[in-house]
Undergrad: 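The structure is given below, and queries will be raised subsequently.
Keep in mind it's a predicted model, so treat the numbers as computed, not measured. Residue indices begin at 1 and follow the sequence shown.
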Amino acid sequence: RTLTRRGSRPNCTAAHSHNSSFLSPACCSSRYGLAFLSCYGFFVAYALRVNLSVAMVDMLKNSSSANNSSSVCPHHSIPVPKHNHTASVYDWDSETQGWILGSFFYGYILTQIPGGYFARKYGAKWLFGIGILCTVIFTLLTPVAADLGAGYLIAVRVLEGIGEGVSYPAMHAMWASWAPPLERSRLLTISYTGAQLGTVVALPLSGQICFYLDWTYVFYIFGAVGLLWFFLWSCFVSNSPSSHKRITEAEKTYIMASLKNELSPTTDYIPWTSILKSSPLWAIVVAHFSYNWTFYTLLTLLPTYMNDILGFSIQQNGMLSALPYLGCWLLALLGGQLADLLRERYLIRTVNVRKAFTIVGMVGPAVFLVAAGYTGCNYVLAVAFLSISSSLGGISASGFNINHLDIAPSYAGILLGITNSFATIPGMVGPVIARSLTKSNTIPEWQIVFYISAAINIFGAVFFTIFGKGTVQPWAVQ
């Protein structure tokens, strides 16, 4: 009976939160300030993560002639004067490239669960800040590492991953104390879509930097942008509304009142057994793993696919590789607004909103990804289908991705650490498997890569629909 009562309570709190949110408008508020600064943080994190995918095309010896012989479609790069680049180039085979591109995730997986634990125990502000600062420092060292050899570059990428691994669990722990339940989808999508925005800007910009300067500047320029972010984050962010120096009294009261019934009062106790036995958590694990398989395969290999199959030059490559993430960013933001509107105004149950958004955001991409494999050399259709596939994926940001905060806000950082650990495995093995399946760079080989991703995506959506939940679990409220 208690569960039913708790499950039906949002209607009363909806009205209460709705009224109090008028006392604390979104404009110039501290919670939205946090959303935009963390968005900039994820922008930096992802820009530093993907710039290597584009720079890699320029780091290899004779990349253009090698690609010309293996490219299925005719190359259609615009004749442009070649700049005299002084940066070194390297002789890495496709297997080594796969390991370099996947190495980031070997570090990333190590700090997921510790990240959630330490953010809960010591506060998320400095954990998130220093984690991304580490990634920035190692990015600045990338050109030196590449000169020393592939092994050193892999080591630097692993260290970048270790730093960045705490970012999502720390931010989830932070939002547990900052995001009122009925504004959750909005605030979290603004915050996390910095990842897509970083990808959208880094891919084309890296292409331009490679062309006009040389590939080393890709790492120096984005590193500098990261240092600026760290300065702003240090000055303007606090761990919770109660410790924030510039928050208004009305906003502080509004946030803390809306979270009163959801947060566990003690920070020391963590119900590990209940967490690991929770089927709603495993539903998120499976969905997260499945979604990331497609996301990471495309993230690391789309520039290669554009170059080796569709025959786009490095300057066009970055721009076209960014299109899918531009759509993903837009739909994730719009999805966040829509998800909260459905819950607040139309009182649709949270669990139904999360499941619907997960199905659209995972089955849709699977269909268009497979279709992209059958477009042959029709560049327009191939880019369109890949873009639609990634864009629809953005809708799942308001599905399984936020669900940790619905089922256990007190332990959201730890839960995200667990699900993201599993969801990092595709980043480690996806690119390596994809590169080993595409040794001859033929369209049928890439079709197999797309089929595998699509099947995994659909399985994840079905699993989450069966086992997902939308209310705070009994073990999460002590």
Undergrad: Which atom names give the shortest non-hydrogen contact between V72 and N441, and what distance separates them?
TA: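 Closest approach of V72 to N441, heavy atoms only: CG2-O, 3.3 Å.
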Undergrad: What's the separation between atom CG in L386 and atom CZ in F450, rounded to the nearest 0.5 Å?
TA: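 It is 5.5 Å, given to the nearest 0.5 Å.
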Undergrad: Between F295 and Y291, how do the two ring planes meet: parallel, tilted or perpendicular, split at 30° and 60°?
TA: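 Parallel: the ring planes of F295 and Y291 meet at under 30°.
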Undergrad: Decide, yes or no, whether a salt bridge links R31 with E183 under the criterion of side-chain N to carboxylate O below 4.0 Å.
TA: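 So R31 pairs with E183 through a salt bridge.
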Undergrad: Test side chain to side chain donor-acceptor pair (under 3.5 Å) on D93 and T96 and set out the steps.
TA: CA-CA 5 Å; D93 59 17; T96 309; 2.5 Å; yes
Undergrad: Do C73 and Y379 have side-chain heavy atoms sitting under 4.5 Å apart?
TA: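 Side chain of C73 against side chain of Y379, heavy atoms only: contact under 4.5 Å found.
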Undergrad: For Y217, I'd like to know if atom OH has over 12 heavy atoms of other residues, nucleotides or ligands within 6.0 Å.
TA: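 Check fails, neighbour count at 12 or below.
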Undergrad: Taking side-chain contact (heavy atoms from CB on, under 4.5 Å) as the definition, give me every residue that meets it alongside I448, ordered by chain and number, with sequence neighbours left out.
TA: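 By the side-chain contact (heavy atoms from CB on, under 4.5 Å) rule, I448 matches L437, I452.
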Undergrad: Taking only residues at least two apart or on different chains, which pairs with a member in residues 146-159 satisfy salt bridge (charged side-chain N to carboxylate O under 4.0 Å, His left out)?
TA: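 Found R157-E160.
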Undergrad: According to side-chain hydrogen bond (donor to acceptor under 3.5 Å, both in side chains), who are the partners of S387, at least two apart in sequence or on a separate chain?
TA: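 S387 satisfies side-chain hydrogen bond (donor to acceptor under 3.5 Å, both in side chains) with no residue once adjacent residues are dropped.
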Undergrad: Before we go on, tell me: are the rings of Y192 and Y168 under 6.0 Å apart, centre to centre?
TA: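 Yes - the distance between ring centres of Y192 and Y168 falls below the 6.0 Å cut-off.
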Undergrad: Less than 4.5 Å apart, any side-chain heavy atom of F464 and any of N403?
TA: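 Side-chain contact under 4.5 Å: yes.
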Undergrad: Please round to the nearest 0.5 Å and tell me the distance separating atom OG of S167 and atom CG of N420.
TA: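 Reported to 0.5 Å precision, the distance equals 8.0 Å.
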Undergrad: Using a 4.5 Å cut-off on heavy atoms from C-beta on, say whether the side chain of V237 contacts that of M174.
TA: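 They are in side-chain contact.
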Undergrad: So, taking the atom named CG in L187 and the one named CG in L405, what distance separates them when rounded to the nearest 0.5 Å?
TA: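 With rounding to 0.5 Å, CG (L187) is 10.5 Å from CG (L405).
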Undergrad: Go through the steps for F463 and F467 under the test ring-ring contact (aromatic ring centres under 6.0 Å, His included), then give the verdict.
TA: CA-CA 6 Å; F463 195 91; F467 296 105; 4.8 Å; yes
Undergrad: For W282 versus S278, what's the shortest heavy-atom pair and its separation?
TA: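 Nearest heavy atoms, W282 then S278: CD1-O, 3.1 Å.
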Undergrad: Kindly write out the residues that satisfy side-chain contact (heavy atoms from CB on, under 4.5 Å) with F231, not counting sequence neighbours, or none if the list is empty.
TA: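 F231 satisfies side-chain contact (heavy atoms from CB on, under 4.5 Å) with C235 only.
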Undergrad: State which residues pass side-chain contact (heavy atoms from CB on, under 4.5 Å) with A408; sequence neighbours excluded, sorted by chain then number.
TA: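 Listed in chain order: Y411, L415, W475, A476.
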Undergrad: Nearest 0.5 Å, please: how far is CG in L188 from NE2 in H404?
TA: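 Rounded to the nearest 0.5 Å, the NE2-CG separation comes out at 10.5 Å.
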Undergrad: Does the side-chain contact (heavy atoms from CB on, under 4.5 Å) test come out yes or no for F219 and L52, once each step is laid out?
TA: CA-CA 8 Å; F219 303 102; L52 181 67; 3.8 Å; yes
Undergrad: Taking side chain to side chain donor-acceptor pair (under 3.5 Å) as the criterion, tell me which of R184, R186, R345 meets it with D340.
TA: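 The option that passes is R186.
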Undergrad: How long is the span from the CH2 atom in W229 to the CG atom in L37, to the nearest 0.5 Å?
TA: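 Between atom CH2 of W229 and atom CG of L37 there are 8.5 Å.
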Undergrad: Go through the structure and list residues passing side-chain contact (heavy atoms from CB on, under 4.5 Å) with F289, not counting sequence neighbours.
TA: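 If we apply the side-chain contact (heavy atoms from CB on, under 4.5 Å) test to F289, skipping adjacent residues, the hits are W293, I425, P426, I456.
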Undergrad: Flag the pair L205 / I221 as yes when at least one side-chain heavy-atom distance between them is below 4.5 Å, and no otherwise.
TA: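 A side-chain contact under 4.5 Å is absent here.
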Undergrad: Got a sec, which residues hit side-chain hydrogen bond (donor to acceptor under 3.5 Å, both in side chains) with W178, two or more places apart in sequence or on another chain?
TA: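 Once residues adjacent in sequence are excluded, W178 has no partner under the side-chain hydrogen bond (donor to acceptor under 3.5 Å, both in side chains) criterion.
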Undergrad: Which pair of non-hydrogen atoms, one from F222 and one from A47, has the smallest distance, and what is that distance?
TA: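 So the two residues come closest at CD2-CB, 3.9 Å.
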Undergrad: Return yes if some donor-acceptor pair links the side-chain N/O of T199 with the main-chain N/O of A195 below 3.5 Å, else return no.
TA: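 Present.
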Undergrad: For S436 and E95: C-alpha separation, side-chain torsions, deciding distance, then whether side chain to side chain donor-acceptor pair (under 3.5 Å) applies.
TA: CA-CA 7 Å; S436 60; E95 204 172 329; over 6 Å; no
Undergrad: What pairs with Y451 under side-chain hydrogen bond (donor to acceptor under 3.5 Å, both in side chains), at least two apart in sequence or on another chain?
TA: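 By the side-chain hydrogen bond (donor to acceptor under 3.5 Å, both in side chains) rule, Y451 matches Y374.
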Undergrad: Donor-acceptor pairs under 3.5 angstrom involving side-chain atoms of residues 322-339: please list them, not counting sequence neighbours.
TA:
{"from": "Y325", "atom 1": "OH", "to": "L299", "atom 2": "N", "distance (Å)": "3.2"}

Undergrad: Got a donor-acceptor contact below 3.5 angstrom from the Q447 side chain to the G373 backbone?
TA: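 Present.
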Undergrad: Can you tell me which residue pairs pass the side-chain hydrogen bond (donor to acceptor under 3.5 Å, both in side chains) test with a partner in residues 354-367, sequence neighbours excluded?
TA: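 Found S185-R354, R354-D406.
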Undergrad: Using every non-hydrogen atom in the two residues, find where W215 and S88 come nearest and quote the distance to one decimal.
TA: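 W215 and S88 have their closest heavy atoms at NE1-O, 2.8 Å.
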Undergrad: Can you name the residues that form a side-chain hydrogen bond (donor to acceptor under 3.5 Å, both in side chains) with N51, not counting sequence neighbours?
TA: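 N51: no side-chain hydrogen bond (donor to acceptor under 3.5 Å, both in side chains) contacts found.
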Undergrad: Run the side-chain contact (heavy atoms from CB on, under 4.5 Å) check on W126 and S234 step by step: do they pass?
TA: CA-CA 8 Å; W126 290 111; S234 309; 3.7 Å; yes
Undergrad: Looking at Y305 versus W446, is the centre-to-centre ring distance below 6.0 Å?
TA: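 Ring centroids of Y305 and W446 are less than 6.0 Å from each other.
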Undergrad: What's the shortest heavy-atom distance between C210 and V218, and which atoms?
TA: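 Closest approach of C210 to V218: SG-CG2, 3.8 Å.
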Undergrad: What class does the angle between the rings of H288 and F400 fall in, given that below 30° is parallel, 30 to 60° is tilted and above 60° is perpendicular?
TA: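 It falls in the tilted class, 30° to 60°.
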Undergrad: Return each pair, listed once, that meets salt bridge (charged side-chain N to carboxylate O under 4.0 Å, His left out) where at least one residue sits in residues 41-56; pairs must be two or more places apart or across chains.
TA: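 Passing the test, one end in residues 41-56: R49-E164.
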Undergrad: Classify the ring geometry between W92 and Y90 as parallel (under 30°), tilted (30 to 60°) or perpendicular (over 60°).
TA: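 The rings of W92 and Y90 lie parallel, inter-plane angle below 30°.
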Undergrad: Step by step, work out the side-chain contact (heavy atoms from CB on, under 4.5 Å) result for V54 and M306.
TA: CA-CA 11 Å; V54 177; M306 295 282 190; over 6 Å; no
Undergrad: Shortest non-hydrogen contact from S38 to W175?
TA: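 S38 and W175 have their closest heavy atoms at OG-CZ2, 4.1 Å.
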Undergrad: Mind checking the OG1-OH spacing from T135 to Y46? Nearest 0.5 Å is all I need.
TA: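 T135 atom OG1 to Y46 atom OH measures 11.5 Å (nearest 0.5 Å).
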Undergrad: Centroid separation under 6.0 Å, is that true for the rings of F128 and F42?
TA: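 Yes, the ring centres sit under 6.0 Å apart.
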Undergrad: Can you check whether Q97 reaches L60 side chain to side chain, under 4.5 Å on heavy atoms?
TA: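 They are in contact (side-chain heavy atoms under 4.5 Å apart), so the answer is yes.
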